[in-house]
Amino acid sequence: MADSLNAYLYVGAILFALGMLGVLVRRSLIVVLLSMELMLQGVNLTMGAFGVFNEDMGGYMLTLASLTIAASESVVGLAILVVVSRKARELYTDRMDGMKW
Amino acid sequence: MDLVSTLALLAKGLVVLLIFLAAPLIFVLAERKILGRIQSRRGPNRVGPLGLFQTVADGIKLGTKEDIIPPAADRVVFWVAPLFMVIPAIAAWSVIPFGPMVEIGRETGLWITNLNVGILFVLALGSLNTYGPVMSGWSSNSKYAHFGALRSGAQIISYELTLGLAVLAVVVYAGSFSLIDIVESQRHMWLVAPQFLGFLIFIVSGVAETNRAPFDLPEAETEIVAGYFVEYTGIRFAMFFIAEYANMFLMSMLVTVLYLGGWNGFTIPGLEGVSGVVWTMAKALTLMFGYFWLRATLPRLRYDQLMSFCWKILLPLGVLNLLVASVLRMVWS
Amino acid sequence: MIEHPWLIPLAPLLAFAINGLLGPRYLKKATGVIGSAGILAAFLLTVWLWAEGEYGEATLFEWLASGSLAINIGFLVDELTVVMLLVVTGVSFLVHVYSIGYMAHDGSFARFFAWLPLFVFSMVMLVMANNFLSLFVFWELVGVCSYLLIGFWHDRESANNAAMKAFLVNRVGDFGFAIAIFMIFWNFRTLEYGAVFAQVGQADPETVLVIALLLFVGAMGKSAQFPLHIWLPDAMEGPTPVSALIHAATMVTAGVYMVARMAPIFEVHTTALLVVGGVGAFTALFAATIAVVQTDIKRVLAYSTVSQLGLMFLALGAGVYTAAIFHLATHAFFKALLFLGSGSVIHAMHDEQEMTRYGGLRRKLKWTYGTFLVGGLALSAIFPLAGFWSKDEILAGAFMRGASLDGDGLFIVFWALGLAASLLTAFYTFRMVIMTFHGDPRDAELHERAHESPAVMVAPLALLAVLAMGAGAVLGFPPEHGLIHDFLHHAPGILHFELTGNQTIIAISLAVISTAVALLGALGAYMIYSRGAPRAESIGQFVPGMHSLLYRKYHIDEIVNYGIVATTKVLGFILWAIDAKIVDGIANLIGWTVRALGGAARQVQTGQVQNYVFLMALGAVVSVGALMIFR
Amino acid sequence: MIEDITFVYMAVIAVLAALATVLVRSPVRSALSLVVVVFHVAGLFAVMDAMFLAVIQVMVYAGAIIVLFLFTIMLLDLRHEAGEPYLHKNQLWLGIPLAILLLVEAGWIALNTEPLAEAARGAYDAAAIAELGGTGQALAEVLFNEYLLPFEIAGVLLLASSVGALLLARRPDEDKLPDAPDPVDDVTGPDDERAEGGAAIWPTR
């Protein structure tokens with residue numbers, strides 16, 4: 001089991017789908033961001049697995065790139081979050097529709 | 001993996017775990033004695049001969065005390081937090097080498113495992129040190145704990161950066177992430193000589209990482225009582241204590257391995273293993289004494305000083321050090 | 001050196017970059033030295049180029065390519081280019097040095113010394129271009145720089161207006177120029193000089209005539225020929241060194257250079273030459289008459305420039321290109337001298353430009369007076385100063401063109417116009433000298449405070465005076481066979497003018513006539529003005545209305561204002577009304593419709609992030625599903 | 001055998017923790033569950049013998065990103081009301097089927113994926129990596145040769161995002177001190193000599 005590519009891909013797919021679910025249904029903006037990190041976990045696992053099983057460093061590289069992106073994304077996302085919370089004192093996604101038109 | 005090596009692994013793990021558990025007992029007593037001497041008093045001298053059983057008595061006391069969980073606390077997190085303190089501290093020992101390869105029936109190294117990303121492993125576990133304080137501080141739902149957690153989080157994240165930069169320069173010199181290789185590369189010259197700046201940065205960052213004086217702001221008694229573990233009692237409180245001393249000892253070991261040549265030193269022929277362990281321990285214990293000495297002599301920094309020292313002085317120095325090391329390495333190789 | 005001709009424009013460009021980027025904050029007064037050094041370097045490189053004596057074309061890089069059109073940034077270096085470069089960089093260098101003194105107390109010193117090298121750079125590039133597009137680009141860049149420099153004191157409304165006027169009038173000329181370039185490309189499918197010149201022989205002469213006339217419109221704008229001359233006198237609003245640069249070395253000579261460079265195109269049809277000569281001769285006399293009555297010292301010089309440029313175009317029309325370029329060079333020397341001299345006077349009189357308040361300055365400004373007098377004599381074409389040699393050649397060329405069998409009789413008339421212009425030239429030049437330097441001070445207080453300019457300003461004057469004195473004889477003797485003639489003889493496209501024995505006598509007598517005319521003019525000025533203003537006024541009333549007509553410059557500005565500008569405004573109003581009511585109405589209707597539709601569609605936008613995320617994810621899932629099913 | 005057991009443990013705990021991340025009410029617990037996920041995904045990497053990725057994964061995600069989340073949560077001190085639902089009720093009917101659909105699709109793709117044939121694989125099999133001295137060294141080799149440009153771009157991205165975050169989160173008035181009222185003016189009105197003395201002794205914030 002540990003040496004079949006598909007097993008890792010299943011786990012990656014489950015993590016990704018769960019993350020997606022979190023992004024879609026949670027109201028707290030922080031948890032939405034966390035769920036996005038969860039999706040990235042799934043992606044990382046998938047790419048790392050491909051890298052290992054295809055014996056290609058490209059998969060490792062992509063994982064590293066997605067780590068970089070995750071770091072950048074969460075930093076900027078949290079900065080935005082801090083700015084928003086200064087105005088609103090709460091971070092519920094369904095109450096944030098000020099830029100509707 | 002055959003049975004013998006599995007058993008050997010288990011044996012080595014057991015030895016390290018014993019060291020881990022025994023070390024705080026000894027170090028707490030040693031610290032109190034040394035502090036006493038430096039401050040012209042005697043230190044503990046009532047329990048047992050010369051007060052040698054003082055820590056044992058303290059341990060028994062803490063173990064039998066009531067384990068209080070504050071009613072407003074987040075129980076799960078409160079409960080898990082001390083484990084987050086202790087587990088990374090233990091896990092990191094698995095890659096620390098105590099001595100060279102020796103012949104005990106068969107070839108075996110005086111370390112639990114030789115991971116080829118060993119130093120990164122230690123750093124990764126070190127980065128988890130943030131969770132203990134942050135979780136305990138947050139879950140206690142107490143003002144002082146909260147302050148302590150915030151302070152500790154910011155401090156550890158910041159100094160981890162400079163720590164990592166200093167380590168990278170060492171890796172550049174040794175050409176490997178493996179701690180064993182790093183020690184081997186110092187056979188002829190300890191890295192403290194070419195990497196003196198890095199050594200200083202590492203020492204300072206290490207002290208800050210372990211929340212020790214003069215960087216012990218997260219638990220500054222005079223300001224925020226005991227910081228993030230103010231609400232803890234009994235055996236959980238002891239866990240924080242154990243973790244602190246284990247981390248200090250780990251940091252001393254790391255300095256020994258990275259800069260002071262690890263087990264390298266004058267050896268007695270035929271007894272390479274023993275002398276290697278003796279050398280390693282001697283160096284690490286000297287560094288531990290340095291920790292106590294710092295605590296006895298230096299006053300605590302102010303928080304903004306602490307942060308600006310890290311970001312404005314140590315970080316640029318660390319980058320400079322890494323650059324110089326890389327250039328020198330390129331020139332020489 | 002010929003492999004690297006781009007070094008020459010590089011020097012002023014660097015000076016511009018350094019001064020422009022670092023000047024205002026860091027370099028301050030050092031910008032003057034840097035600017036001058038840049039121009040000096042360009043001058044020395046040109047001298048090197050000249051000394052090596054190897055000419056040709058060099059391509060620096062391909063600038064743009066589109067279909068069959070490929071435009072290279074290239075350099076054409078031949079004799080004509082070298083002469084132009086020597087004049088441009090040499091005179092510009094002296095102007096730069098002079099400016100260090102003249103602008104010393106100006107707050108925007110560094111800005112000035114950023115624009116000035118840029119101006120020189122664009123002029124150098126213009127001269128060295130080897131195709132029409134880069135010629136046009138740098139032609140325009142020269143225009144931009146002149147705009148910036150004329151409007152240099154942008155806190156003065158008059159300076160801003162003058163700068164805009166210069167720019168707009170030049171636009172009219174550039175319009176013709178641009179159409180000419182379009183036509184060239186349309187007909188010849190290339191914009192390289194050489195390739196175009198090789199083809200004009202086979203092309204339809206009428207088309208080439210139109211191209212030539214349109215090119216000439218461009219030259220008229222840049223070189224201030226009637227009726228596009230109106231911007232030049234107003235351009236006096238810039239600092240005096242700028243006037244010297246525009247009038248003597250750089251901008252206005254661009255038109256003359258262009259027509260000389262395009263000689264193969266103009267030669268195809270004699271009508272083109274006739275138009276060039278006719279406009280030139282008319283402008284020469286026309287501007288000279290205006291100059292006679294002006295009282296602003298720089299304005300007199302400005303009209304004088306227009307007049308002299310007219311003479312150059314007369315020479316171009318008559319086919320004596322060498323004479324035109326020769327006059328361009330000598331004129332650059334003595335006109336720069338006169339402008340810088342007038343600048344020195346203005347400097348001394350604390351920015352007073354009215355000659356009616358001058359008088360008796362020769363004792364106070366000894367150096368200025370001496371050099372100014374030399375410049376005046378050269379401008380009046382008194383033997384043996386520089387102006388004599390070149391102007392005489394022009395007039396002789398025009399006369400012979402008219403008299404020769406295959407020539408056009410009209411050129412005799414043009415010659416007469418030119419001769420009259422020379423008479424007036426001498427007259428107004430000496431009127432200016434006398435009113436400024438002789439007689440008694442008319443404004444005692446100003447006179448009291450007058451002082452000689454610093455050495456950094458006087459030195460260029462002295463150098464230019466030497467050139468104004470000697471350049472003509474050195475370059476142009478013997479007539480038609482002087483140094484410059486031999487030199488330019490090799491240049492492609494430049495026609496040479498051979499004298500036969502019979503004609504030599506005519507030429508000499510023509511020279512004597514023109515000298516006599518010049519002396520007559522000078523004498524007239526002395527008779528009228530040396531006794532003071534009253535006599536001049538009484539003569540002014542001799543022909544009623546004449547003085548005022550001349551003083552108002554034939555009311556051309558008013559005609560332009562009330563004729564062209566007012567008509568344009570009315571037309572503009574009508575068009576605006578159409579635009580505002582009908583076109584905007586349609587546009588607004590479209591806008592309203594879209595807005596109404598948008599208002600309906602707006603309801604889809606909930607503003608809820610997760611709704612959008614859901615739609616995105618749905619899109620991804622559906623796409624992947626479709627791929628899975630239908631692949 | 002022992003690898004399989006490890007794999008199953010890591011995978012099961014990772015999925016359970018992921019479920020907790022999504023469904024737990026408190027953001028802090030959610031973040032801590034994510035830490036658990038990160039650890040176990042790192043464990044999966046370790047099972048694959050990709051130690052470098054495992055370690056880096058822990059360092060970056062657990063050591064930096066999620067700490068940052070926790071830190072932000074603690075700093076913000078958000079108001080939370082007891083009765084507030086923590087899930088979007090109407091999104092739930094859309095989200096759950098979609099997530100299931102996604103899972104089905106991804107699972108189906110995973111089911112039909114095989115590793116490349118031996119010949120089509122890259123040059124870095126276990127032996128080659130071991131010869132270089134580990135995944136760290138192998139990664140370094142491709143990172144600084146083949147993928148140098150993406151590497152640099154990633155650096156630029158990090159720089160840009162840190163600058164951006166700094167710019168966003170910084171309070172605009174943080175740098176300047178409030179205007180100190182002139183203590184002398186209040187008493188005597190404007191007076192050059194005394195105002196100077198007054199300004200000198202006025203303490204900053």
Side-chain angles (χ1 to χ4, degrees), chain B residues 1 6 74-78 80-81 84 87-88 91 95 113-135 137-139 141 143 145-158 160-161 163-164 167 171-172 174-178 181 228, chain D residues 1-3 20 24-36 38-39 42-43 45-46 49-78 80 126 129-140 144 162 166:
Chain B
M1 199 184 278
T6 312
D74 183 326
R75 296 181 66 92
V76 179
V77 181
F78 190 84
V80 170
F84 260 82
I87 291 170
V95 292
T113 174
N114 179 7
L115 203 58
N116 62 25
V117 287
I119 184 65
L120 284 181
F121 182 75
V122 175
L123 283 182
L125 290 174
S127 69
L128 298 180
N129 277 342
T130 334
Y131 282 97
V134 167
M135 285 165 73
W138 181 81
S139 63
N141 211 347
K143 190 193 298 174
H146 198 103
F147 282 148
L150 281 178
R151 284 184 176 194
S152 160
Q155 173 178 338
I156 292 179
I157 290 183
S158 306
E160 198 172 307
L161 210 62
L163 196 81
V167 168
V171 171
V172 164
S176 169
F177 287 121
S178 160
D181 292 353
Y228 48 85
Chain D
M1 182 61 207
I2 192 155
E3 275 95 348
V24 158
R25 178 185 288 266
S26 149
V28 173
R29 290 188 185 181
S30 188
L32 293 174
S33 313
L34 188 57
V35 176
V36 177
V38 168
F39 261 104
F45 280 130
D49 245 356
M51 275 316 281
F52 187 82
L53 282 187
V55 169
I56 287 290
Q57 159 103 351
V58 172
M59 263 174 108
V60 175
Y61 274 105
I65 296 179
I66 301 176
V67 171
L68 206 62
F69 273 96
L70 282 178
F71 214 70
T72 314
I73 297 170
M74 288 167 68
L75 265 181
L76 288 182
D77 185 27
L78 292 169
H80 42 111
I129 290 174
E131 193 176 329
L132 284 168
T135 43
Q137 277 82 347
L139 195 59
F144 293 108
S162 56
L166 208 62

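- Counting heavy-atom pairs under 4.5 Å between each of V28(D), I56(D), L68(D) and chain B puts V28(D) at the top.
- Counting only distance, with no hydrogens or angles, the side chain of Y131(B) and the backbone of A62(D) share a donor-acceptor pair below 3.5 Å.
- For a residue to count as touching a neighbouring chain, one of its non-hydrogen atoms must lie under 4.5 Å from one of that chain's; by this rule L128(B) touches chain D with the side chain only.
- The contact between V134(B) and chain D is made by backbone and side chain atoms together, counting heavy-atom distances below 4.5 Å.
- Considering all non-hydrogen atoms of both residues, R75(B) and R29(D) come closest at N-NH2, 4.4 Å.
- Proximity to chain B is limited to the side chain of V35(D), based on heavy atoms less than 4.5 angstrom apart.
- Both the backbone and the side chain of V76(B) come within contact range of chain D, with heavy atoms under 4.5 Å apart.
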Where do L32(D) and W138(B) land on the side-chain contact (heavy atoms from CB on, under 4.5 Å) test, with the steps shown first?
-> CA-CA 12 Å; L32(D) 293 174; W138(B) 181 81; over 6 Å; no
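- Between L123(B) and M59(D), the shortest heavy-atom contact is CB-CE, 3.8 Å.
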Derivation and outcome, side-chain contact (heavy atoms from CB on, under 4.5 Å), residues F71(D) and L150(B) | CA-CA 7 Å; F71(D) 214 70; L150(B) 281 178; 4.0 Å; yes
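- With chain B as partner, the option from I66(D), L70(D), V67(D) having the largest number of non-hydrogen pairs under 4.5 angstrom is V67(D).
- Between G63(D) and S127(B), the shortest heavy-atom contact is CA-OG, 3.5 Å.
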